[in-house]
**Student:** 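Just passing along the structure, written as structure tokens.
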Amino acid sequence: MKLLEYEAKEVFRGFGIPVPRGKVAESVEEAIRVAEMIGGQVVIKAQVPVGGRGKAGGILLAETPEKAGEAAARLLASGVRGIKVRRVLVEERLKIEKELYLGFTVDRRYRTYVILASCEGGVDIEEVASRTPEKIIKQYVDPIEGFRPYHARWVARRLGFSGGLMMKLSEIAMRLYNLGVEADAEILEINPLALVGEDFVAADARLNIDDNALFRHGNLLQSYGGGELEGLSEVEREARRLGLTYVELDGDIGIIGNGAGLTMATLDTVTLYGGRPRNFLDLGGGAPPERVEQAVTFLLNDKRIKVLLVNILGGITRCDEIAKGIVNARLKAGVTKPIVVRLSGTNEEEGIRILREGGMEVMGTMEEAAERSVLLAGGR
Amino acid sequence: MKLLEYEAKEVFRGFGIPVPRGKVAESVEEAIRVAEMIGGQVVIKAQVPVGGRGKAGGILLAETPEKAGEAAARLLASGVRGIKVRRVLVEERLKIEKELYLGFTVDRRYRTYVILASCEGGVDIEEVASRTPEKIIKQYVDPIEGFRPYHARWVARRLGFSGGLMMKLSEIAMRLYNLGVEADAEILEINPLALVGEDFVAADARLNIDDNALFRHGNLLQSYGGGELEGLSEVEREARRLGLTYVELDGDIGIIGNGAGLTMATLDTVTLYGGRPRNFLDLGGGAPPERVEQAVTFLLNDKRIKVLLVNILGGITRCDEIAKGIVNARLKAGVTKPIVVRLSGTNEEEGIRILREGGMEVMGTMEEAAERSVLLAGGR
Amino acid sequence: MVRFVDKGTRVLVQGITGTQGRFHTRLMLEYGTKIVAGVTPGRGRGEVEGVPVFDTVFEALEEADPEASIMFVPAPQAKEAALEAIEAGLNPIVIITEGVPIKDSIEIIARARRRGITIIGPNTPGIIRVGECKLGIMPSGVFRKGRVGIVSRSGTLTYEVAAQITRAGLGESTCIGIGGDPVVGLDFVDVLRCFQEDGETEAVVLIGEIGGDAEERAAAFISEGGFTKPTVAYIAGRTAIPGRRMGHAGAIVEGNMGTAEGKMEALRSAGVHVGSLPGEVAKALKRMMG
Amino acid sequence: MVRFVDKGTRVLVQGITGTQGRFHTRLMLEYGTKIVAGVTPGRGRGEVEGVPVFDTVFEALEEADPEASIMFVPAPQAKEAALEAIEAGLNPIVIITEGVPIKDSIEIIARARRRGITIIGPNTPGIIRVGECKLGIMPSGVFRKGRVGIVSRSGTLTYEVAAQITRAGLGESTCIGIGGDPVVGLDFVDVLRCFQEDGETEAVVLIGEIGGDAEERAAAFISEGGFTKPTVAYIAGRTAIPGRRMGHAGAIVEGNMGTAEGKMEALRSAGVHVGSLPGEVAKALKRMMG
């Protein structure tokens with residue numbers, strides 16, 4: 001789950017990480033009120049779940065509350081990278097002396113968390129990492145010992161700070177880690193972490209929570225995550241509502257597979273044969289027939305799809321039941337676009353018989369099925 | 001810090017350990033109201049910080065609210081083991097099918113926590129341990145791995161439970177451990193843990209918190225611990241108010257030492273020479289002169305003391321300053337009872353000179369000082 | 001340990017009384033896996049498919065002496081179940097469970113490592129030593145005893161490739177799913193090391209996907225001469241959009257890291273034959289193995 | 001390790017900028033202890049008594065290469081300071097700090113053990129290798145180089161006994177305070193084992209007190225032949241009341257466990273001479289050592 005900036009900052013506050021004074025606004029009037037409350041210069045930031053907002057014109061400055069209102073109006077009327085802006089965050093403008101980067105993420109190789117820090121904040125950190133890797137400090141965390149205050153001080157020292165600033169910075173790094181672990185963060189970034197006078201302030205905030213861990217974060221689920229939907233198209237929202245693992249693409253061949261790897265391979269194969277997949281839809285391993293039926297129905301109703309390719313490797317699941325699901329879906333949907341199926345597993349023959357009788361084309365391999373779909377969709 | 005039963009049960013509730021319905025009462029009227037609220041038979045338990053209340057008549061049964069009032073009146077008018085009863089806990093009477101013991105404590109040898117469990121609950125667990133050690137289940141906790149749900153289930157299984165009861169019992173053991181660790185408990189006991197129908201209920205509760213850890217338990221300090229004072233005499237309360245490490249005894253020789261070991265050794269030596277120490281008063285290692293003065297003044301004012309013995313091994317501390325402290329205390333107190341001093345450390349000679357001039361008897365060794373004190377107090 | 005498991009391995013099934021646990025216990029027993037005990041807390045003293053069920057792993061250990069574990073425990077309970085198995089010294093521990101929080105996987109793996117225990121998974125189809133035993137959920141019908149080792153981050157895609165290898169008249173020695181999550185117990189390099197030592201494995205198929213750098217590290221390991229047997233790879237996810245998740249948490253392209261093209265290129269540079277289609281894998285193997 | 005520390009041991013002082021830290025750094029330096037660095041977070045880049053001060057132990061490690069640590073850190077910070085020293089591999093770590101919560105001591109000791117590191121304390125006067133070096137707060141004037149080893153749970157009582165031994169014309173080899181808390185890093189048995197191997201120690205004084213069973217275990221160890229040198233013991237707390245704490249958390253008789261009489265009896269049965277008065281210790285030693 002991706003939190004919007006203002007949501008992440010709320011969470012930051014709860015963990016004692018300093019953030020600028022400010023408040024989210026959903027209307028021009030609200031934005032003016034917040035700007036008045038803050039006083040002085042303010043920043044107005046579009047709350048959309050994409051990176052690079054600054055470059056895309058999603059961050060504006062204003063000298064007065066009136067101008068803040070104008071800026072908010074401009075942002076609320078427009079979109080950033082194609083996503084409509086529903087909320088803006090109005091914040092005090094910081095007198096930044098230095099911009100740092102502080103991040104928390106998972107390191108797959110070492111199977112642990114890593115704290116990342118750099119004196120090159122405020123810019124794309126991946127660029128810093130590839131251009132000047134020596135400017136990134138990585139503190140790997142022993143999962144059993146944890147990231148401890150002295151590790152945090154060590155990070156702050158290596159960033160070149162000493163005395164009171166070192167203590168303050170290490171305190172923030174410590175809280176970042178605590179937040180990351182307690183909230184099951186996958187990615188947690190403060191970029192930039194601004195040095196303002198003698199204090200550090202999280203000028204921006206990024207927080208992605210491990211979806212698999214949401215079962216223990218009912219409070220976060222309840223309060224946040226609405227912004228995540230804003231980045232989705234209509235059809236993706238519908239898929240999410242149905243609980244389908246779906247990613248929209250811009251082609252015309254609808255694809256259903258079971259298992260992420262197999263589904264990706266199906267997309268790749270279709271692409272290789274010159275076709276253009278409309279989507280990725282993974283039913284998961286061992287999907288029951290009802291699930292298959294639901295997914296087929298969902299894609300049949302997508303008008304941009306010309307051909308539907310279903311690639312199910314049942315394995316232990318019964319193919320005859322899955323076949324019935326597909327046939328039923330088509331009957332109920334009343335849509336006649338072609339469906340190419342590849343089905344394998346227990347009771348395979350019976351399944352293929354049912355599909356053929358139902359008017360489906362059944363292929364023996366993924367490659368054949370992909371090739372046939374591309375042909376039916378009009379070829380390359 | 002020792003919590004009273006009703007305080008410990010409040011803490012238990014916060015950690016999800018089931019306790020009987022009930023409430024503390026400070027008056028007969030209150031006790032009647034609680035008994036009415038509970039309905040049916042109730043137990044009235046004197047809230048005093050001592051063990052063996054049952055045998056000492058501190059726990060009474062009542063069939064009706066009126067009788068509960070009478071029982072409360074009886075307890076509130078009396079004392080248990082010499083301690084005045086200021087509060088009673090009025091609780092529902094449980095239909096106990098089985099009494100278990102569940103405890104959490106520190107094992108000095110293995111330097112870790114240990115969970116103790118037994119099917120012989122409701123009795124003195126030390127007696128069970130010495131009579132039938134095989135009836136005590138000990139689960140030592142690896143401090144890094146922690147006590148985990150499966151350890152708790154293993155304890156419950158070894159107590160002979162299975163199915164739903166095993167799950168419930170292990171849940172309570174788990175919570176007991178969590179409470180113990182989070183509250184920095186030194187000793188935490190549920191004795192008995194009562195099986196009532198298909199549920200376990202903590203019929204009694206004991207919770208002693210590590211005094212050294214109180215700095216991180218401001219909430220507990222604020223709410224609880226008042227009962228601890230109730231077990232103290234007037235003079236002990238005064239000592240505590242002054243922040244002195246003091247234990248009252250029933251002799252007539254007042255004793256001040258620095259360092260627990262040295263002070264205990266001073267008491268032992270006095271006793272060995274036939275004297276009777278009035279107290280244990282440890283100034284701690286490296287006590288400053290003001291502290292010495294304060295302690296001397298405190299004991300000089302104790303009318304039961306005939307002779308005062310001060311045994312200071314200054315080591316690095318300056319003896320002349322300590323000597324001045326003792327002389328000053330005596331002057332200010334205006335009490336003329338004899339003071340025998342043994343003083344050793346930096347500037348020893350000067351210190352001894354000051355003491356002798358101030359009318360103190362100064363001895364070269366602890367033994368001589370003890371012997372002299374006993375003689376002055378009237379010998380054996 | 002080269003083999004992880006074999007015909008003699010005494011296996012414990014954690015979460016044996018659930019639907020999945022029961023179902024796959026039957027299939028594993030049918031395949032010849034020596035399942036000696038099951039565990040479900042609170043459900044002890046029963047049996048499943050003739051296998052005695054205990055409340056705790058410690059009890060199962062005392063009564064049935066298992067050596068390895070396979071877990072069908074729901075994700076919220078997976079961590080504690082794995083730690084119990086680790087404390088009991090079971091090795092390997094195969095975690096079939098999908099949806100285990102990354103934080104829990106990190107802890108499980110760290111604690112297992114301190115004890116020298118191998119974690120396979122989470123989110124894995126498991127391991128099958130063809131013709132001997134299966135600690136997993138893969139359809140055994142797609143395998144036939146042979147000399148190709150398979151190591152994969154995927155589930156169904158592995159069955160697809162295995163079926164083609166079998167159909168091509170070759171056959172498999174051992175097939176290991178390392179799991180589709182970002183954090184898993186084994187990585188490609190660990191498994192390649194084992195296959196290098198394994199006399200029964202003549203060639204290896206590596207099935208990767210977008211996300212992370214496990215494939216790149218495998219390529220580096222091969223380049224450095226750590227693994228020398230003929231290798232064919234297939235990488236899924238060339239059509240993926242950076243930043244979008246494809247199916248499971250592992251399959252995500254982060255920034256310009258972990259693209260399918262990058263992985264394919266790294267493997268090709270290491271001398272690995274990389275198939276563009278799953279079907280090419282078996283063909284390439286056939287050519288290589290003569 | 002028999003000696004724990006010696007003349008060459010490079011020592012780090014944690015909490016060097018506090019009153020106690022500064023004061024005892026000076027005294028230790030005067031005694032000849034090779035203090036190479038100090039640490040106080042946020043106070044780095046300064047010096048104390050000519051010793052460079054760092055913000056972190058890692059920095060001190062890089063710059064000054066200490067081997068052992070002595071801590072004067074306030075109790076609330078003691079755990080983290082100790083864990084930092086443990087992670088840096090310093091050994092031994094002497095924790096002078098009084099008032100460390102038991103929970104923290106348990107964690108410190110458990111983590112140190114995994115790394116094979118000795119914790120002396122908490123709540124200890126430290127260790128002195130007479131005439132060579134001192135990692136502690138004991139008044140060095142009471143010691144004189146000799147052949148008596150002292151191991152004690154007490155502070156000032158130890159100085160008392162040491163002074164008498166010195167006055168009797170004997171002298172000390174090494175004196176170790178194991179600490180007065182219920183949970184400490186070393187127990188009597190650990191130290192007796194070291195003294196048994198220590199060629200410079202001819203006889204040993206064991207100073208115990210009420211509470212726990214460390215003295216009983218020492219007695220058992222001696223009975224079993226684990227320690228064979230002449231031993232004299234003194235146990236404080238015969239006048240103690242069960243359930244009442246005498247001064248520090250360690251000195252409490254729980255139930256009928258840990259009484260002074262019980263400990264004295266156990267030691268006597270093991271052939272140890274137990275003095276009734278502190279003054280008897282030196283006399284008994286003199287008799288034994290001729």
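Both backbone and side-chain heavy atoms feed into the values below; hydrogens, waters and symmetry mates do not.
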**Student:** Please check: side-chain N/O of B/Arg111 versus main-chain N/O of D/Ile109, any donor-acceptor pairing under 3.5 Å?
**Tutor:**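 Side chain of B/Arg111 to backbone of D/Ile109: no pair is present.
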**Student:** Between the side chain of B/Asp268 and the main-chain N/O of D/Ala236, is any donor-acceptor distance below 3.5 Å?
**Tutor:**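 Answer holds: no.
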**Student:** Specify the closest pair of heavy atoms between B/Leu262 and D/Leu157, including all atoms of both residues, with the distance to one decimal.
**Tutor:**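 The answer is N-CB, 3.6 Å.
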**Student:** Would B/Val106 and D/Val183 count as a side chain to side chain contact (heavy atoms under 4.5 Å, CB included) if you check the C-alpha gap in whole Å, the side-chain angles of each, and the deciding distance to 0.1 Å?
**Tutor:** CA-CA 8 Å; B/Val106 172; D/Val183 171; 3.5 Å; yes
**Student:** Just verifying a value: how many Å separate B/Glu367 CD and D/Ser276 OG, rounded to the nearest 0.5 Å?
**Tutor:**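 Those atoms lie 10.5 Å apart.
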**Student:** Out of B/Ala265, B/Gly259, B/Ala213, return the one with the most heavy atom pairs under 4.5 angstrom to chain D.
**Tutor:**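 Among the listed options, the one with the most contacts to chain D is B/Ala265.
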**Student:** Heavy-atom pairs under 4.5 Å with chain D: which of B/Val181, B/Thr263, B/Leu283 has the most?
**Tutor:**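 Of the options given, most contacts go to B/Val181.
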**Student:** Any heavy-atom pair between the side chains of D/Glu107 and B/Pro143 that's under 4.5 Å?
**Tutor:**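 A side-chain contact is absent here, since even the closest heavy-atom pair is not under 4.5 Å.
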**Student:** Check whether D/Ile241 gets within reach of chain B through its side chain, its backbone, both or neither, counting any heavy atom under 4.5 Å.
**Tutor:**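 Answer is side chain: those atoms of D/Ile241 sit under 4.5 Å from chain B.
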**Student:** B/Val270 versus chain D, heavy atoms under 4.5 Å apart: side chain, backbone, both or neither?
**Tutor:**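 Neither part.
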**Student:** Is it the side chain or the backbone of D/Ile235 that comes within 4.5 Å of chain B heavy atoms, both, or neither?
**Tutor:**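 For D/Ile235, backbone heavy atoms alone lie under 4.5 Å from chain B.
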**Student:** In a check of side chain to side chain contact (heavy atoms under 4.5 Å, CB included) between D/Pro278 and each of B/Thr365, B/Thr269, B/Thr266, which one passes?
**Tutor:**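 It is B/Thr269; the other options fail the test.
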**Student:** Contact part of B/Glu248 toward chain D, heavy-atom cut-off under 4.5 Å: side chain, backbone, both or neither?
**Tutor:**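 The backbone, not the side chain.
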**Student:** Give the C-alpha distance, both sets of side-chain angles, the deciding distance and a yes or no for side chain to side chain contact (heavy atoms under 4.5 Å, CB included) between B/Asp184 and D/Ile102.
**Tutor:** CA-CA 8 Å; B/Asp184 276 286; D/Ile102 295 176; over 6 Å; no
**Student:** Can you tell which part of B/Val247 gets under 4.5 Å to a heavy atom of chain D, answering side chain, backbone, both or neither?
**Tutor:**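 Contact with chain D involves both backbone and side-chain atoms of B/Val247.
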**Student:** To check you understand the geometry: which heavy-atom pair defines the closest contact between D/Pro101 and B/Arg216, and what is its length?
**Tutor:**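 The pair with the smallest heavy-atom distance is CB-NH2, 3.2 Å.
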**Student:** With the side chain counted from C-beta on, respond yes when D/Ser154 and B/Met264 share a heavy-atom pair under 4.5 Å apart, and no when they do not.
**Tutor:**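 A side-chain contact is absent here, since even the closest heavy-atom pair is not under 4.5 Å.
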**Student:** Side chain from CB out, backbone as N, CA, C, O: work out which of these in D/Val184 comes under 4.5 Å of a heavy atom of chain B, or both, or neither.
**Tutor:**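 The backbone, not the side chain.
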**Student:** D/Arg111 versus chain B, heavy atoms under 4.5 Å apart: side chain, backbone, both or neither?
**Tutor:**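 Backbone plus side chain of D/Arg111, per the 4.5 Å heavy-atom cut-off to chain B.
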**Student:** Can you tell me how far apart CG (B/Asn311) and CD (D/Glu160) are? Round to the nearest 0.5 Å.
**Tutor:**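 Output value for this atom pair is 6.0 Å.
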**Student:** Under 4.5 Å, counting heavy-atom pairs only, tell me which of D/Ala110, D/Ser140, D/Gly99, D/Ser152 racks up the most with chain B.
**Tutor:**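 Answer, by heavy-atom pair count under 4.5 Å with chain B: D/Gly99.
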**Student:** Of the backbone (N, CA, C, O) and the side chain (C-beta and beyond), which part of B/Glu182 lies under 4.5 Å from a heavy atom of chain D, both, or neither?
**Tutor:**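 The backbone, not the side chain.
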**Student:** Report yes if some heavy atom in the side chain of D/Arg238 is under 4.5 Å from a heavy atom in the side chain of B/Leu272; otherwise report no.
**Tutor:**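 With C-beta onward as the side chain, the pair touches.
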**Student:** For B/Asp211, is it the side chain, the backbone, both, or neither that has a heavy atom closer than 4.5 Å to a heavy atom of chain D?
**Tutor:**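 Contact with chain D involves the side chain of B/Asp211 alone.
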**Student:** Ignoring hydrogens and angles, tell me if any N or O in the side chain of D/Thr156 forms a donor-acceptor pair with the backbone of B/Asn258 under 3.5 Å.
**Tutor:**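 Side chain of D/Thr156 to backbone of B/Asn258: a pair is present.
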**Student:** Can you say whether D/Val189 sits under 4.5 Å from chain B via the side chain, the backbone, both, or neither, judging by heavy atoms?
**Tutor:**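 Neither; nothing under 4.5 Å.
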**Student:** At a heavy-atom separation under 4.5 Å, does B/Arg342 approach chain D through its side chain, its backbone, both, or neither?
**Tutor:**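 Just the side chain, heavy atoms under 4.5 Å.
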**Student:** Do B/Glu145 and D/Arg114 sit within salt-bridge range, that is, some charged N less than 4.0 Å from a carboxylate O?
**Tutor:**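 D/Arg114 and B/Glu145: salt-bridged.
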**Student:** Is there a side-chain contact between B/Tyr110 and D/Ile106 in this structure, where contact means two heavy atoms from C-beta onward sitting under 4.5 Å apart?
**Tutor:**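 Contact flag for B/Tyr110/D/Ile106 side chains = no.
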**Student:** Considering only heavy atoms and a distance below 4.5 Å, find which of D/Arg244, D/Met138, D/Glu209 pairs most often with chain B.
**Tutor:**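 The candidate making the most pairs under 4.5 Å is D/Arg244.
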**Student:** Work out which heavy atom in B/Pro277 is nearest to a heavy atom in D/Thr239; give both atom names and the distance.
**Tutor:**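 Shortest heavy-atom separation between B/Pro277 and D/Thr239 comes out as CG-CG2, 4.2 Å.
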**Student:** Report the option among B/Ile312, B/Ile144, B/Thr112 that has the most heavy-atom pairs separated by less than 4.5 Å from atoms of chain D.
**Tutor:**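 Max contact count across the listed options: B/Ile144.
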**Student:** So for B/Leu249, is it side chain, backbone, both, or neither that comes closer than 4.5 Å to the heavy atoms of chain D?
**Tutor:**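 The side chain, not the backbone.
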**Student:** Under 4.0 Å between a side-chain nitrogen and a carboxylate oxygen: does that hold for B/Glu186 and D/Lys103?
**Tutor:**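 Salt bridge absent between B/Glu186 and D/Lys103.
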**Student:** Examine whether an atom of D/Gln20 lies under 4.5 Å from a heavy atom of chain B, and if so say whether it belongs to the side chain, the backbone or both; otherwise answer neither.
**Tutor:**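 The answer is neither part of D/Gln20.
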